[in-house]
Peer 1: 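Please see the structure below; I have some questions.
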Amino acid sequence: MMIEILKSKLHCVHVTEANLNYIGSITIDEDLMDAANIIEGEKVSIVDNNNGERFETYVIKGERGSGCICLNGAAARKVQVDDIIIIMSYAIMDFEEAKKFKPTVVFPDTKTNRLK
């Protein structure tokens, strides 16, 4: 049996930009992507702690060290700059493998989005 489990999580980062006129996606500082084991193009779930919105999109690389968390396209309508969000990605794996798997969870500085 295969199940879907949490693979990666960026916990409580703040939205630095919302760009309605971009094609779509979420731009994430490449340092944060590396720390959370998230790659460009990966599907992610977003939870906005300020308004309760939950949605999915895909990741594009942001400038390394910038702290950038930018929602693009239609997703920009779901957030406000400075909202606190959680970014999660999932993996599908065998049930027995999943029992032993440990997700990567990153807690960046909530004011700067930089690694502590």
Side-chain angles (χ1 to χ4, degrees):
M1 172 176 46
M2 304 296 279
I3 64 170
E4 188 172 15
I5 66 166
L6 180 68
K7 177 187 80 67
S8 303
K9 179 178 179 183
L10 284 167
H11 189 76
C12 291
V13 292
H14 78 271
V15 175
T16 59
E17 299 174 59
N19 184 353
L20 183 61
N21 296 315
Y22 191 81
I23 297 169
S25 69
I26 182 170
T27 305
I28 302 174
D29 175 331
E30 196 171 358
D31 284 342
L32 295 174
M33 290 174 60
D34 290 348
N37 197 28
I38 294 173
I39 63 170
E40 188 164 42
E42 186 169 354
K43 178 181 173 181
V44 290
S45 295
I46 311 292
V47 178
D48 188 317
N49 286 355
N50 294 81
N51 64 22
E53 286 283 355
R54 299 176 75 92
F55 55 94
E56 295 177 335
T57 190
Y58 64 93
V59 175
I60 60 174
K61 289 179 187 178
E63 181 182 343
R64 190 175 289 282
S66 67
C68 176
I69 300 290
C70 179
L71 279 300
N72 301 302
R77 293 199 183 273
K78 304 264 187 193
V79 300
Q80 297 290 317
V81 171
D82 290 328
D83 279 1
I84 300 296
I85 63 172
I86 299 169
I87 303 167
M88 298 164 286
S89 69
Y90 300 88
I92 297 172
M93 61 184 66
D94 175 78
F95 184 74
E96 292 304 318
E97 179 185 5
K99 286 181 182 180
K100 299 172 192 148
F101 182 79
K102 300 290 184 226
T104 302
V105 180
V106 178
F107 298 88
D109 180 280
T110 55
K111 291 186 179 20
T112 65
N113 290 340
R114 291 190 176 79
L115 300 171
K116 295 179 185 179

Peer 1: Quick one: are Ile87 and Ile26 in side-chain contact, heavy atoms under 4.5 Å?
Peer 2: yes
Peer 1: Closest heavy-atom contact between Cys70 and Ala18?
Peer 2: SG-N, 4.2 Å
Peer 1: With a 4.5 Å cut-off on side-chain heavy atoms, are Leu32 and Asn113 touching?
Peer 2: yes
Peer 1: Roughly how far, to the nearest 0.5 Å, is NE2 of His14 from CG of Asp109?
Peer 2: 9.0 Å
Peer 1: Check the surroundings of atom CZ in Arg77: do more than 12 heavy atoms from other residues, nucleotides or ligands lie under 6.0 Å from it?
Peer 2: no
Peer 1: State the CD-CE distance between Glu30 and Met33, to the nearest 0.5 angstrom.
Peer 2: 6.0 Å
Peer 1: Can you find a pair of side-chain heavy atoms, one from Ile28 and one from Cys68, that are under 4.5 Å apart?
Peer 2: no
Peer 1: So if you build clusters from Ile, Leu, Val, Met, Phe, Trp, Tyr with side-chain heavy-atom gaps below 4.5 Å, do Ile69 and Ile84 land together?
Peer 2: no
Peer 1: Side chains of Val59 and Ile39, heavy atoms from C-beta outward: is any pair under 4.5 Å?
Peer 2: no
Peer 1: Using a 4.5 Å cut-off on heavy atoms from C-beta on, say whether the side chain of Leu6 contacts that of Tyr90.
Peer 2: yes
Peer 1: Between the main-chain N or O of Lys61 and the side-chain N or O of Glu40, is there a donor-acceptor pair closer than 3.5 Å?
Peer 2: yes
Peer 1: Among the clusters formed by ILVMFWY side chains lying less than 4.5 Å apart, do Ile92 and Ile5 turn up in the same one?
Peer 2: no
Peer 1: Looking at every heavy atom in both Cys12 and Thr110, which two are closest together, and how far apart are they?
Peer 2: O-CG2, 3.2 Å
Peer 1: Is it true that Thr27 and Asn72 share a donor-acceptor pair across their side chains at a distance under 3.5 Å?
Peer 2: yes
Peer 1: Rounded to the nearest 0.5 Å, how far does CD1 of Ile46 lie from CD of Glu53?
Peer 2: 11.5 Å
Peer 1: Please report the shortest heavy-atom distance between Ala75 and Phe55, naming the atom on each side.
Peer 2: CB-CE1, 3.6 Å
Peer 1: Can you find a pair of side-chain heavy atoms, one from Pro103 and one from Lys9, that are under 4.5 Å apart?
Peer 2: no
Peer 1: Could you pull out the closest heavy-atom pair between Asp29 and Arg64, with the gap in Å?
Peer 2: OD1-CA, 3.6 Å
Peer 1: Begin with the C-alpha distance, continue with both residues' side-chain angles, and end with the deciding distance and a verdict on side-chain contact (heavy atoms from CB on, under 4.5 Å) for Tyr58 and Lys43.
Peer 2: CA-CA 4 Å; Tyr58 64 93; Lys43 178 181 173 181; 5.6 Å; no
Peer 1: Asn50 and side-chain contact (heavy atoms from CB on, under 4.5 Å): which partner among Ile85, Asp83, Val79?
Peer 2: Asp83
Peer 1: Minimum heavy-atom separation for Ser89 and Ile38, please, with both atom names.
Peer 2: OG-CG1, 4.2 Å
Peer 1: Between Leu71 and Asn19, is any pair of side-chain heavy atoms under 4.5 Å apart?
Peer 2: no
Peer 1: Okay, side chain of Lys7, backbone of Asn37: is any donor-acceptor separation there less than 3.5 Å?
Peer 2: yes
Peer 1: Considering only heavy atoms from C-beta outward, does the side chain of Val15 approach that of Asp82 to under 4.5 Å?
Peer 2: no
Peer 1: How far apart are the closest heavy atoms of His11 and Pro108, and which atoms are they?
Peer 2: O-CD, 3.6 Å
Peer 1: Report the distance from atom CZ of Phe101 to atom CE of Met93, rounding to the nearest 0.5 Å.
Peer 2: 4.5 Å
Peer 1: With rounding to the nearest 0.5 angstrom, report the OG to CE distance, Ser8 to Met88.
Peer 2: 11.5 Å
